[in-house]
S.K.: 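Quick one: this structure, given as structure tokens, is what I'll be asking you about.
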Protein chains: 2
Amino acid sequence: MSASPIDSDLLVLAQSFRTTLRHAVYLSRSMDGDGELTTMQMSTLSMAAEEPLRVSRIAANLGIRVPSATEQIIKLEQAGLVSRTPDPTDSRAVLVQLTEMGRSAWEDAGRLRNERVAALLAHLDDDDRATLAAALPVIGKLSRTA
Amino acid sequence: MSASPIDSDLLVLAQSFRTTLRHAVYLSRSMDGDGELTTMQMSTLSMAAEEPLRVSRIAANLGIRVPSATEQIIKLEQAGLVSRTPDPTDSRAVLVQLTEMGRSAWEDAGRLRNERVAALLAHLDDDDRATLAAALPVIGKLSRTA
DNA sequence: GCTCATAGTTAGGTAGCCTAACAGTTCGGC
DNA sequence: GCCGAACTGTTAGGCTACCTAACTATGAGC
């Protein structure tokens, strides 16, 4: 509680947020080890599921460079999960969209993950679940701020 | 609310937890891009800061295999941040501990990250911060369950 | 039509993870 | 005591995902 009253409390919260986040990252990693699609692939498919996307936007959303995104997308294409077509409004650009197969693979994988997470959540009591549910939008807000 | 009352609600919560977590992962990644120590290195130093640790425990805590941990630890050793000494009670084992330099590097980096996160948290209002603070232990519990 | 910016791909390199194989240490059974 | 099984780390070799730099092709301004 010296010069800047917010600092001390915020730093304490920041510290425990960082620690928690670190563990959550390990948790999330542990959930994609067993199967078919990696977390990054899931993210890519999730984006493309909504609407056809440009490579550059996918890269930006994933926080990686365009060439890295191209690489991953080509793999997804080879796996038959997405298609790449030139953007009709700008032939420099490429639109990535889900194939029929990609959509069902994405849905299946999402269902599987949800079930796995739900199984974890089942260990919490109602209060904890309510607390968690309330905080998710706040964390989302934070991520968007950054 | 059919056969299994928990399922539906849990799955919904699971879905939004997964999405939030994904964004949080990107957030956390964006916070270690600019500097000296990676998140993994920070984690390793954090563990060693409390007490000397065996390689196998570090690997387990990081969720990686022992050889991968060895590799990272050797790099930290070469950077002068940790020392490796044989465990006096079991000469097969190796104890990893922070050097003077490692401790101050760890403290500096932690401080920097805390400040960066605190700056994000400053954008939230008091209610949101309270909500977040309440949820952190719950997420911690989940990570431990897994 | 020339120039400059933009969208992706290709090429080459690095870091971090993995499994498999190895070396040294401990411990239990005989 | 001593031999084999179990355990702790390290070494070796390979894979994947990321990066930067350089290139191709298209679009936009003058």
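Protein chains get the first letters and strands the later ones, always in sequence-line order, with residue 1 at the start of each.
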S.K.: CE/A:M40 to CG/A:L62 distance, rounded to the nearest 0.5 angstrom?
M.R.: 4.5 Å

S.K.: Between B:T131 and A:A134 (side chain of the first, backbone of the second, donor and acceptor by atom type, cut-off under 3.5 Å), is there such a pair?
M.R.: no

S.K.: At under 4.0 Å, does any side-chain N or O of A:K75 touch on OP1 or OP2 of D:dA17?
M.R.: yes

S.K.: Return the nearest nucleotide to the side chain of B:T70; candidates are D:dT20, C:dC18, D:dT11.
M.R.: D:dT11

S.K.: Atom CG of A:L62 to atom C1' of D:dC19: distance rounded to whole Å?
M.R.: 15 Å

S.K.: Distances under 3.5 Å between protein N/O atoms and the N/O atoms of nucleotides 3-7 of chain C, please, pair by pair.
M.R.:
{"from": "C:dT6", "atom 1": "O4'", "to": "A:R92", "atom 2": "NH1", "distance (Å)": "3.3"}
{"from": "C:dT6", "atom 1": "O2", "to": "A:R92", "atom 2": "NH1", "distance (Å)": "2.8"}

S.K.: Quick one: on DNA chain D, does A:S68 or A:D87 contact a more 5' nucleotide (nearest heavy atom)?
M.R.: A:S68

S.K.: Calculate the interatomic distance between B:Q41 atom CD and C:dA15 atom C1'; express it in whole Å.
M.R.: 11 Å

S.K.: What is the distance from CD of A:Q78 to P of D:dT16, rounded to the nearest Å?
M.R.: 12 Å

S.K.: Rounding to an integer number of Å, can you tell me how far A:I64 CD1 sits from C:dA15 P?
M.R.: 19 Å

S.K.: Quickly, which of B:L132, B:D126, B:D125 forms a side-chain contact (heavy atoms from CB on, under 4.5 Å) with B:R129? Name it, please.
M.R.: B:D126

S.K.: Compare every heavy atom of A:P88 with every heavy atom of A:L95, then report the nearest pair and how far apart it is.
M.R.: CD1-CD, 4.1 Å

S.K.: May I ask you to say whether B:D90 pairs ionically with B:R54, meaning some side-chain N is under 4.0 Å from a carboxylate O?
M.R.: yes

S.K.: Rounded to whole Å, please give me the gap between CZ in B:R65 and P in C:dA21.
M.R.: 16 Å

S.K.: Considering all heavy atoms of both residues, which atom of B:L37 and which atom of B:A109 are nearest to each other, and what is their separation?
M.R.: CD1-CB, 3.7 Å

S.K.: Compare the minimum distances between each of D:dT10, C:dT10, C:dC17 and the side chain of A:I74, then state the nucleotide with the smallest one.
M.R.: C:dT10

S.K.: Does B:S91 reach a base, just sugar-phosphate, or nothing at all? Heavy atoms under 4.0 Å.
M.R.: sugar-phosphate

S.K.: Specify the separation, in whole Å, of atom CD of A:Q72 and atom C1' of D:dC19.
M.R.: 13 Å

S.K.: Can any side-chain N or O of A:R84 pair as donor or acceptor with the backbone N or O of A:I74 at less than 3.5 Å?
M.R.: no

S.K.: Using whole Å, what does the distance between atom P of nucleotide D:dC19 and atom CD of A:E71 come to?
M.R.: 10 Å

S.K.: Rounding to an integer number of Å, can you tell me how far B:I73 CD1 sits from D:dT10 C1'?
M.R.: 11 Å

